[in-house]
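In the text below, chain A, chain B and the rest are named by the order of the sequence lines, each starting its count at 1.
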Protein chains: 2
Amino acid sequence: MHAEQPVRPGRAKRLPRAVRERQIMDAAVDVFSRLGFHAASMDEISEVAGISKPMLYAYLGSKEELFATCIRREATRMMEAIAHGVEAEEPPDVQLWSGLRAFFGFVGENRASWQVLHRQASSQGGPFARELADMRGRAISLVAALLVHSSDFGDVPRAGDKEAESLAAALVGAGESLADWWLDNPEEPAGVVAARLMNLVWMGFGDLVAGDVWHPPSRRSSPEKGS
Amino acid sequence: MHAEQPVRPGRAKRLPRAVRERQIMDAAVDVFSRLGFHAASMDEISEVAGISKPMLYAYLGSKEELFATCIRREATRMMEAIAHGVEAEEPPDVQLWSGLRAFFGFVGENRASWQVLHRQASSQGGPFARELADMRGRAISLVAALLVHSSDFGDVPRAGDKEAESLAAALVGAGESLADWWLDNPEEPAGVVAARLMNLVWMGFGDLVAGDVWHPPSRRSSPEKGS
DNA sequence: AGGTAAGCCTACTGGCGAGTAGGTAAGGCG
DNA sequence: CGCCTTACCTACTCGCCAGTAGGCTTACCT
């Protein structure tokens, strides 16, 4: 132990910038999700990332910039995951179903991302909430468009845009809340949780109480086996 | 004007402890709702309350105790407001409807309380989240019981408790989210927003698209005039 | 009136954490 | 092989804010 190693203790291996940035972002999402924006310190993020604080500032700028970048990255990943699972040609209920499945699938596999997006981002004032509200707004518009379009299938001429938007907000919120609940009760698979929400918003309690359930038009396996 | 007033500039009028505590709590809820837990400073709270910082500590203890007390007070107020609006003898759908109206009524008249409860409390780790999760849990249980009981009216023997709970979580979340949306779109009255959610969760999109709507059993005025 | 306790204050300390100054190793290229 | 650019570090400053020490003032009670 008295012999000096040529390797200085706190010296990280030299890496190209892009790789380090990825590492740092991953560490930041992890720490932000566990502690929240304010309680998270740049010291801890740098420690988790395996580098020193000045590198953080050199690569990602201030704490706020870093956080905003995290939000943007995770939001983009999520929206892409959902968009990937939905096909625009399908009828509205199937589109909704696909979207829900993709959403819960993403949350199940990216819990930290979800924490950052849903809890942290929305509760910090400043530009973060705007960033997040932006994505949320896009999601709501998407659902609202689906609902309006869906009306064309029935005989109701056209629900008010405001009404569709508020319903979409309720639906998105239901999804968020259910996802949170799921994090605390993770024993059930994503598909089952998604199917529950699908039934709730498509059939309503009234029908469910009467024993009616929604199921996809016999393509894949039915979402809830008759247990 | 050059004569000294006997009133010292920063000296507040003497008041009994109970009254001051109320003032302080009101100020705290206001500041916490605007800035969030961390960004809120005890200095600002004391300033808004019209007293000096040591009084805060003398009366309400540390910042964390103060915040927890705020949460408890507001949560209790809200639960009482809702419980007040619901009568246990009514059929399930009417109970749900009453609860929704009471909820949105409360939020409309206590926006700051709602901000503190929904945004701030849930995003801070620590004992606050527990406090809040507690109330939320009670609300969910309440709704879940309603759903289970509701099943007895139909011919389905009994939905699984887990399923009822997750549906209740989704419903509570939908309410929270819709309340948030409403804060940004406050032009509509509480009753209309409540009616939207009622229709969504009771009828489902499937029925709504087909033109069916739920309405209360002809007692009060109908929730949504045929516009 | 005079005592006294409750209500109120100004003015500090101490620690934590964002952001920085200035220096050290290591890979590439002549 | 030496030079220089890029990656990386240790070790600070500085402001903000939770929490406190110690003293003043006013209402009530006898």
Dump every N/O contact between nucleotides 13-18 of chain D and the protein below 3.5 Å, one line per pair.
unit_1	atom_1	unit_2	atom_2	d
D:dA18	OP1	B:Ala40	O	3.3
D:dA18	OP1	B:Lys63	NZ	3.0
D:dA18	OP2	B:Met42	N	2.8
D:dA18	N7	B:Lys53	NZ	3.4

Roughly, in whole Å, what's the span from [atom1] in [X] to [atom2] in [N]?
X	N	atom1	atom2	answer
B:Leu56	D:dT20	CG	P	12 Å
A:Leu60	C:dA18	CG	C1'	15 Å
B:Ile45	D:dG19	CD1	P	11 Å
A:Glu44	C:dC16	CD	P	14 Å
A:Glu64	C:dG19	CD	P	7 Å

**Prompt:** Using a heavy-atom distance cut-off of less than 4.0 Å, which residues of residues 22-31 of chain A contact DNA chain D?
**Reply:**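 Within residues 22-31 of chain A, no residue comes under 4.0 Å of DNA chain D.
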**Request:** Compare every heavy atom of A:Leu56 with every heavy atom of A:Met42, then report the nearest pair and how far apart it is.
**Result:**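 Looking at all heavy atoms of both residues, the shortest contact is O-CD1, 3.4 Å.
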**Request:** Taking all non-hydrogen atoms of both residues into account, name the closest pair between B:Ser98 and B:Gly85 and its distance.
**Result:**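 For B:Ser98 and B:Gly85, the tightest heavy-atom pair comes out as CB-O, 3.2 Å.
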**Crowding at CZ, A:Arg111 (>12 non-hydrogen neighbours, <6.0 Å)** =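 Count over threshold, so yes.
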**Request:** Just say parallel, tilted or perpendicular for the rings of B:Phe37 and B:Phe128, cut-offs at 30° and 60°.
**Result:**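 Rings of B:Phe37 and B:Phe128: tilted, 30 to 60°.
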**Prompt:** Residues in salt bridge (Lys or Arg N to Asp or Glu O under 4.0 Å) with B:Arg73, at least two apart?
**Reply:**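 Once residues adjacent in sequence are excluded, the partners of B:Arg73 under the salt bridge (Lys or Arg N to Asp or Glu O under 4.0 Å) criterion are B:Asp26.
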Using a cutoff of under 3.5 Å, can you pull out all pairs of nitrogen or oxygen atoms linking the protein to nucleotides 5-7 of chain D, with atom names and distances?
unit_1	atom_1	unit_2	atom_2	d
D:dT6	O2	A:Arg14	NH1	3.0
D:dT6	O2	A:Arg14	NH2	2.7

Identify all pairs in which a protein N or O lies below 3.5 Å from an N or O of nucleotides 1-3 of chain C, and state each distance.
none

**Item:** Contacts of type ring pair (Phe, Tyr, Trp, His ring centres under 6.0 Å), residue A:Phe103, not counting sequence neighbours
**Value:**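 Counting only residues at least two positions away or on another chain, A:Phe103 forms a ring pair (Phe, Tyr, Trp, His ring centres under 6.0 Å) with A:Trp114.
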**Request:** Tell me, please, which residues at least two apart from A:His38 pass ring pair (Phe, Tyr, Trp, His ring centres under 6.0 Å).
**Result:**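 For A:His38, the residues satisfying ring pair (Phe, Tyr, Trp, His ring centres under 6.0 Å) (neighbours in sequence not counted) are B:His38.
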**Prompt:** Which pairs with one or both residues in residues 51-65 of chain A pass salt bridge (charged side-chain N to carboxylate O under 4.0 Å, His left out), sequence neighbours excluded?
**Reply:**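 Salt bridge (charged side-chain N to carboxylate O under 4.0 Å, His left out) check on residues 51-65 of chain A returns A:Asp43-A:Lys53.
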**Message:** With salt bridge (charged side-chain N to carboxylate O under 4.0 Å, His left out) as the rule and sequence neighbours excluded, what pairs involving residues 133-150 of chain B come up?
**Reply:**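 Residue pairs passing salt bridge (charged side-chain N to carboxylate O under 4.0 Å, His left out), neighbours aside: B:Arg136-B:Glu176.
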**Request:** Not counting sequence neighbours, which residues clear side chain to side chain contact (heavy atoms under 4.5 Å, CB included) with B:Arg34? List them please.
**Result:**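 Side chain to side chain contact (heavy atoms under 4.5 Å, CB included) check on B:Arg34 returns B:Asp30, B:Val31, B:Glu44, B:Val48.
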**Request:** Tell me, please, which residues at least two apart from A:Asn110 pass side chain to side chain contact (heavy atoms under 4.5 Å, CB included).
**Result:**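 Partners of A:Asn110 by the side chain to side chain contact (heavy atoms under 4.5 Å, CB included) criterion, ordered by chain and then number, come out as A:Arg77, A:Phe106, A:Ser113.
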**Request:** Provide the full list of ring-ring contact (aromatic ring centres under 6.0 Å, His included) pairs with a residue in residues 42-65 of chain B, sequence neighbours left out, each pair given once.
**Result:**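 Residue pairs with at least one partner in residues 42-65 of chain B: there are none.
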**Request:** Report the distance from atom CH2 of B:Trp202 to atom CG of B:Leu197, rounding to the nearest 0.5 Å.
**Result:**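 Spacing of CH2 (B:Trp202) from CG (B:Leu197) equals 12.5 Å.
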**Request:** Any strand is fair game: report the nucleotide pairing with D:dA7 by Watson-Crick or G-U wobble, both distances under 3.5 Å, or none.
**Result:**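 Partner of D:dA7: C:dT24.
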